[in-house]
Structures are given as structure tokens and as C-alpha cells.
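Here's the structure we're looking at; comments come further down.
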Amino acid sequence: MGRDDESRLGHGFLPDVCPRLSHGAAQAVHFICHSARWEECSGAGAAAAGTFGTSACSGRQETGGRVTARRWKSKAGTRAGASCALLLLAACSGRQSALDPAGEDAETLALMFTVMVTAAAILWLCLNGLFFYVTRVSPRRMSRKLANGLVIGGGILMPLVLIGALLAWGLSILPDHDQPGDGLVIRVQGEQWWWRVAYETPEGDVISANEIRMPVGERVSFVLDSHRVIHSFWIPSLGGKMDMFPGRQTNLSLRADEAGIYRGQCAEFCGASHAWMAFEVEAMEPDAFDAWLAAEAAPAGPPDGGAEAIGRQIFAREGCGGCHEIRGTEFQGQVGPDLTHVGSRHSLGAGRLGARLEDFSTWIAHTDDLKPGVEMPPFDHLPQEELTALAAYLKGLQ
Ligand code: CUA
């Protein structure tokens, strides 16, 4: 995949390299690289800076100035250190952060994290303070009785009481993933590497894929399983993760308290494109959700306009309907994601690209570059005008 292709990717390159980097974190990586006067801050190097620390940013320095190499290194070191701190802080917010909760369970987990980290930090400071005191401040011989007391008291009793108390408190507030919801049941099945989604309604299942919408303020029951390998369903902004197993059903109960679009991610290694297995979650006001679900249940409308009609013909000619279903048409495939309303989704390829018209043609022509190992072959033999017509048809499936 060339640079032109990369620049066309919907979400920008940095978050694509590491989907767990929030936008803020990506900006911080950018800042780190500029702090170290890297001439070009993009691509894998910047991602490496974010992943492996600032060592990767010790690239080139300006020559010929009055700043000596040593002073430059010192300045760059200070800046890089400050930038690393900024990077850590920036990762605390965003639409895929467990530390930026937008739901009841995520708030509980964020509180647990804060309390546990604070307690661990206090314990660490106390033990190191004690160590510093006995080795540097007052390095005198100690009676056996005092030494035994320190080992038993500080090494066994204190951790037992402190960690025991934290464990008991943590278990007492841990969200119950099996608790009953307020009525809505969404079944999600993990595929390699996308998500099959079904909303249970009295009139029957409403089938969708790679995106979840849910009403704000209502607890939703997710029923999870998998087709071939183990995946893990995780929406960090809304709650904890839950594994998805082939042949076994697991449950997760989540409530969103703030309307917005969040990002979910598979959290269990499931093959070559595990990192590209994401999805969008839109928490909507209940009335808007009901209207959306009614529209999602309806079959696809006919093509609107010449390009869309040509795109539909190409869809049929290339056999796309053998894998994909578009309800209300002759296309009934069940292998790949349902496309009945694919034009209304926020992303393509399970969070891989945005959902602009050009993203559709990029995805269709470059599936194997964008998602290594994916079952859908790349349709790069199609001329650009046919790709554009296909994109118009699919984008028109609102
Ligand atoms: Cu699915 Cu990792």
C-alpha cells in the first residue's frame, strides 16, 4: 500500500497504525517528534515513538547552529520527557478510553482503577521510603526482633490487610455482567474480522453489522458468541470486556449515560487482522433510537439515479450477492456483513475506514492491503469508474 493509499484512509494514519491511540494521544506523538526536531513525523516511526518511548525520536539534529550537540540532546531529552507525560495524559480521554467513562459500569471501573493505582503508589512510596531510611539515613545494625517484626509486619501483615481490603472492596462494586437489562437484547457474533449484529424485536431480528446503536439511559443486554475463534467484545467508554467463544454464549450488560459515538475493539488476539477488528457504537436518545431501528428493519430502497443503478448491476455481475445480503433484493449471501443499510454506517471494514464515498471504492479495491487475511478478495481489476459506481450504490443504501 503506497503513501497515496495511506493518505486516503478515512481516519488518518496514526490512529490506523495503533487503533488504541486516541486522537489526543496521536497528537501527543506528533508533538514528541516535533520536540525532537524530527523532520518527518508520520507513519511507523511516529507510531514506534508512541509505542516504545522516545528512544525512537532521537533521530536527526540541526547542524551548524550555536547549540552544541550535548545541549541539544539535553533539551530534547527534557522535551521528550515532558511529551511522554503529555502522551500518557492525552491517552486518558477520547472515544475509546476506559478512563473517560460514558456509562455506569465504565465509571465504576475507572473509580476502581484510580483507587487501586493510588493505593499501589502509596504502598510503593512507603516501602521505598523505609528502604531509603534504613540504608541511607540510619544505616545501623538492627536487632533480630525488630528485623523479624519488619518482615512479618511490613512484608506479610500489611500487604495482606491492604490488598485484602482492596480485593473485598473491588469485588463488592464490580459490575455484574449478567444483570438483567431494560428490555433491548442485541446479539453479537465475532467473525474474522468483523461483527455480526442482530437486534431482537417482537417482529423478528433486525440484522446489521460492524456497528451498534443503543438508547441512552437504558441497560442493554448483549448476548455474545463467535463463529470460529475466541474474540473479546470491548467498548472501553461503556464498560468491561467479555470474551466471545465458538459454541458458547456469554452475556454482557451495559448502559450508556451520555449520547455520543464511541469505539469498540476486539480485545483478544484472533488472527492476522485482530487489531483491525473494531466497531462504532452510537448511544442515541431513546426516540431517535426507535426511529433508527424502524428504518434499519426496512428493506433497502431502489437505486436512486444512474450511477447507483450501474453500481447495482456491477454488484450483481461481480457476484457480491453470493456473500452479502441486501434485504429487499435478490442478494442473499450470508458469508459477509449484511449491507442492507451500509450507507448509513459510520465506518467500513469493521472500523477500518471512514464511510465517505471514496472510502467505499478504496475498501473494495484494497481489502487485502487494508485487512490482511480478510476473506473478501480485492476487486482491483475493476476500472475506477466502476468502483465509483459500486461505491455510489452502496453509499446510497441508507
Ligand atoms: Cu477478534 Cu481479536
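Here, residue 1 is the first one in the sequence, and each next residue gets the next number. Values in this document were obtained by computation on a predicted structure and should not be read as measured data. Any value given below was found using the heavy atoms of this structure, including those in side chains, with hydrogens, waters and symmetry copies removed.
Between the side chain of Ser143 and the backbone N or O of Leu146 there is at least one donor-acceptor pair closer than 3.5 Å. Under a 3.5 Å cut-off, the side chain of Lys371 and the backbone N or O of Trp193 do form a donor-acceptor pair. With Lys395 contributing its side chain and Phe360 its backbone, the two residues share no donor-acceptor pair below 3.5 Å. A distance-only check finds no donor-acceptor pair linking the side chain of His231 to the backbone of Phe269 [under 3.5 Å]. Checking side-chain atoms of Thr135 against main-chain N and O of Phe131 turns up a donor-acceptor pair under 3.5 Å.
Around CG of Asp304, the count of heavy atoms belonging to other residues, nucleotides or ligands within 6.0 Å does not exceed 12. Within 6.0 Å of CD on Gln332 lie more than 12 heavy atoms contributed by other residues, nucleotides or ligands. Taking a 6.0 Å sphere around CZ of Arg317, one finds it holds more than 12 heavy atoms contributed by other residues, nucleotides or ligands.
Leu254 has its side chain out of reach of Val220: every pair of non-hydrogen atoms, C-beta onward, lies at least 4.5 Å apart.
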For residues 110-124, which side-chain donor-acceptor pairs fall under 3.5 Å, sequence neighbours excluded?
{"from": "Thr114", "atom 1": "OG1", "to": "Ala110", "atom 2": "O", "distance (Å)": "2.8"}
{"from": "Thr118", "atom 1": "OG1", "to": "Thr114", "atom 2": "O", "distance (Å)": "2.6"}

Can I get a per-line list of side-chain donor-acceptor pairs under 3.5 Å for residues 319-326, giving both atom names and the distance, sequence neighbours left out?
{"from": "His324", "atom 1": "ND1", "to": "Pro337", "atom 2": "O", "distance (Å)": "2.8"}
{"from": "Glu325", "atom 1": "OE1", "to": "Gln334", "atom 2": "NE2", "distance (Å)": "2.9"}

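Here the CG-CG distance, from Leu252 to Asp176, works out to 10.5 Å after rounding to the nearest 0.5 Å. Distance check: Asn251 CG to Ser221 OG gives 7.5 Å after rounding to the nearest 0.5 Å. Note that CG of Leu109 is 10.5 Å distant from CG of Leu99, once rounded to the nearest 0.5 Å. Interatomic distance, CG of Leu238 versus CZ of Arg263, reported as 14.0 Å (0.5 Å rounding).
Note on Glu107 versus Arg255: no salt bridge recorded, every NZ/NE/NH1/NH2 to OD/OE distance being 4.0 Å or above. Between Asp205 and Arg187 there is a salt bridge, since at least one side-chain N of the basic residue sits less than 4.0 Å from a carboxylate O of the acidic one. Electrostatic pairing of Glu191 and Arg228 does not count as a salt bridge here, judged by no charged N lying under 4.0 Å from a carboxylate O. Using a 4.0 Å cut-off between charged nitrogen and carboxylate oxygen, Arg219 and Glu104 count as a salt-bridge pair. Checked for salt-bridge contact, Arg345 and Glu211 miss the test: no charged N lies under 4.0 Å from a carboxylate O.
With sequence neighbours left out, the ring-ring contact (aromatic ring centres under 6.0 Å, His included) criterion links Phe222 to Phe233.
Side-chain contact of His381 with Glu318: a donor-acceptor pair under 3.5 Å is present, judged by distance alone.
Nearest heavy-atom pair, Ala106 versus Ser237, reported as atom, atom and distance to 0.1 Å: CB-O, 3.2 Å.
Taking the six-membered ring for Trp and thresholds of 30 and 60 degrees, Tyr199 and Phe289 have ring planes inclined between 30 and 60 degrees apart.
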In sequence, state the C-alpha distance, the side-chain angles, and the governing distance for Val229 and Gln192, and then conclude on side chain to side chain contact (heavy atoms under 4.5 Å, CB included).
CA-CA 8 Å; Val229 300; Gln192 277 171 309; 3.7 Å; yes
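When ring centroids are compared, Phe279 and Trp234 stay outside the 6.0 Å threshold.
Taking the centre and axis of the six-membered ring of Phe245, the NZ or CZ atom of Arg248 falls inside the cone set by 45° and 6.0 Å.
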